[in-house]
Amino acid sequence: MLKIESISKKFVGNDFYSLKDVNMEINKGEIVGLIGRNGAGKSTLMKLMAKSLKPTSGLITYNGIDIHSKDNVLTDFGIMIDPVFYPEMSVIDNLKFYLRLHGKEELFSNIEPTLKLVELWEARNRKPKGFSFGMKQRTALAIALVAEPDFLILDEPFVGLDPIGVQKLIDILKQWSNERQISMLISSHQLGELEALCERYVYIEAGQLADAFDGAACPSLLVYLKETKNLEGIQSLLSDDVILEGNVLDISTKITSEEINEIFKTLGNHALIEKIEVKENHLKEIFTKGQ
Ligand SMILES: Nc1ncnc2c1ncn2[C@@H]1O[C@H](COP(=O)(O)OP(=O)(O)OP(=O)(O)O)[C@@H](O)[C@H]1O
């Protein structure tokens, strides 16, 4: 588990704190979305967690160990913040070098599926020096993913991926979190992508943790029912993800296709559907409040 306690960061020469007294925890297998406007402090927080910056004050521990107290605490971290590849070395050699550096040569077999995931397999023998911005992003992403990390820190991982690449990445990250209990902190301005992935969010505003909320606020369908009587048939369908309030059924898009089919079959059989709406994107609301 990663724990951040009262972390503050003031860069030399600045008269303001880029982060001020931030506290948070990320548990095993949890995917946490980090959101906030430009300059809010997201990258600074991630860099402190990745040890590429030192905090002005506060403590960050991973499984109880102060990450800044000694080397090798982050060996099982996959980090995509700043470019970490060698521009003059082919992509495939970059990945081999990274695995060797971490003593993980036995994972060379991961290189092909990882490069296929980020759609760089065809370009594997080219040097990132001549790559487009998106290709450089995807090289950094491949390096973060290749060593089967226990903890992923990804700063804007969707930038540079096309829609199919984005969906493939979302699917694999979900799968890793479910099957291998990998923890993740992901920052992105692409709120729809985050909503497809995260269970919990932290919102940073001017260096401070302004809000934290869970994924219950992910997109949902609102089904307006013609009547609120004779709803015994749908009682068994209600859950944390399918909530009935008055005559509105709030159905989270997290539920399975079997559940969706069951709900619509039941509603249709009783001709209960008045109209359907998509609930406003909650993350967008957070961003735009007070604007
Ligand atoms: N090396 C640095 N030296 C001085 N100030 C810095 C440095 N890095 C970041 N800052 C300042 O700290 C604040 C937070 O920056 P940070 O990059 O963490 O924001 P961010 O939330 O990641 O923004 P964006 O969404 O634009 O990437 C900004 O005011 C920024 O100018």
Side-chain angles (χ1 to χ4, degrees), residues 1-27 30-87 94 97-98 101-102 128 133 136-147 149-160 182-190 194 198 200-212:
M1 188 240 280
L2 188 109
K3 196 167 181 187
I4 294 175
E5 292 171 84
S6 300
I7 277 287
S8 295
K9 177 70 187 177
K10 184 166 176 282
F11 288 98
V12 176
N14 284 356
D15 59 358
F16 62 93
Y17 278 86
S18 293
L19 280 181
K20 187 87 178 126
D21 201 23
V22 171
N23 293 281
M24 65 181 278
E25 286 180 12
I26 301 174
N27 295 313
E30 220 182 358
I31 311 184
V32 178
L34 180 60
I35 55 175
R37 302 192 58 192
N38 290 129
K42 303 178 298 296
S43 300
T44 303
L45 179 61
M46 291 182 138
K47 285 177 186 170
L48 288 165
M49 291 165 62
K51 284 178 72 169
S52 62
L53 285 177
K54 279 199 165 155
T56 307
S57 59
L59 182 66
I60 304 178
T61 54
Y62 185 58
N63 294 332
I65 300 168
D66 175 357
I67 64 164
H68 290 96
S69 68
K70 55 178 180 177
D71 293 339
N72 300 326
V73 185
L74 304 186
T75 45
D76 293 323
F77 274 46
I79 295 166
M80 177 195 175
I81 302 179
D82 293 321
V84 285
F85 49 78
Y86 293 92
N94 260 291
F97 179 79
Y98 180 82
L101 192 69
H102 289 81
F133 173 75
K136 286 179 182 163
Q137 283 285 104
R138 286 181 277 135
T139 305
L141 184 57
I143 290 173
L145 300 179
V146 74
D150 285 340
F151 200 107
L152 271 173
I153 301 177
L154 304 176
D155 196 5
E156 294 284 355
F158 308 115
V159 172
I182 296 173
S183 316
M184 305 178 197
L185 181 69
I186 304 175
S187 87
S188 180
H189 292 295
Q190 286 165 255
L194 273 192
C198 298
R200 191 157 68 82
Y201 304 91
V202 289
Y203 180 61
I204 292 205
E205 197 171 56
Q208 287 184 295
L209 215 151
D211 206 349

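Being a predicted model, the structure only gives us computed values, none of them experimental.
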Is the shortest heavy-atom distance from the side chain of Leu34 to the side chain of Ile186 under 4.5 Å?
-> no
Answer yes or no: is there a side-chain heavy-atom contact under 4.5 Å between Tyr62 and Asp150?
-> yes
Decide yes or no for Ile7 and Ile60: does some side-chain heavy atom of the first lie under 4.5 Å from some side-chain heavy atom of the second?
-> yes
Is any side-chain heavy atom of Leu145 less than 4.5 Å from a side-chain heavy atom of Leu152?
-> yes
Would you please classify the geometry between the Phe151 ring and the Phe77 ring as parallel, tilted or perpendicular, with 30° and 60° separating the classes?
-> parallel
Pair listing, side chain to side chain donor-acceptor pair (under 3.5 Å) test, anchored in residues 41-51, at least two apart | Ser43-Asp155
Do Met24 and Leu209 come close enough that some side-chain heavy atom pair is under 4.5 Å?
-> yes
Measure the spacing between CZ of Arg200 and CG of Leu185 and express it to the nearest 0.5 Å.
-> 9.5 Å
Between Gly78 and Pro149, which heavy-atom pair has the shortest distance, and what is it?
-> N-CB, 3.4 Å
When rounded to the nearest 0.5 Å, the distance separating CZ of Phe158 from OG of Ser187 is 9.5 Å
Ser183 side-chain N/O to Asn27 backbone N/O, donor-acceptor pair under 3.5 Å | yes
Answer yes or no: is there a donor N or O on one side and an acceptor on the other, between the side chain of Arg138 and the main chain of Gly160, under 3.5 Å?
-> yes
With a 4.5 Å limit on heavy-atom distance, are the side chains of Ser188 and Leu194 in contact?
-> yes
Does Leu74 reach the side chain of Ile67, with side-chain heavy atoms less than 4.5 Å apart?
-> yes
N-O pairing of Glu205 and Arg37 below 4.0 Å | no
State the CG-NZ distance between Leu53 and Lys9, to the nearest 0.5 angstrom.
-> 5.0 Å
Roughly how far, to the nearest 0.5 Å, is the NZ atom of Lys3 from the CD1 atom of Ile65?
-> 14.5 Å
Lys54: side-chain contact (heavy atoms from CB on, under 4.5 Å) partners, not counting sequence neighbours | His68
So, the side chain of Glu25 versus the backbone of Leu2: is there a donor-acceptor pair under 3.5 Å, distance only?
-> no
cation_pi(Lys136, Phe133) dist<6.0 Å, angle<=45 | no
Just do the side chain to side chain contact (heavy atoms under 4.5 Å, CB included) check on Leu48 and Leu19 with the steps written out, would you?
-> CA-CA 10 Å; Leu48 288 165; Leu19 280 181; 3.5 Å; yes
His189 side chain reached by Asn38 side chain, heavy atoms, under 4.5 Å | yes
When rounded to the nearest 0.5 angstrom, what is the spacing between CD1 in Ile204 and OG in Ser18?
-> 10.5 Å
Closest non-hydrogen contact found for Ile153 with Ala50 is CD1-N, 4.2 Å
Contact summary for Met49 and Ile26, nearest pair of heavy atoms = CE-CD1, 4.2 Å
Centroid-to-centroid, Phe85 to Tyr98, below 6.0 Å?
-> no
Rounded to the nearest 0.5 Å, what's the gap from NZ on Lys20 to OG1 on Thr56? Could you check?
-> 9.0 Å
Thr139 and Pro128: which non-hydrogen atoms are nearest, and at how many Å?
-> CG2-CG, 4.3 Å
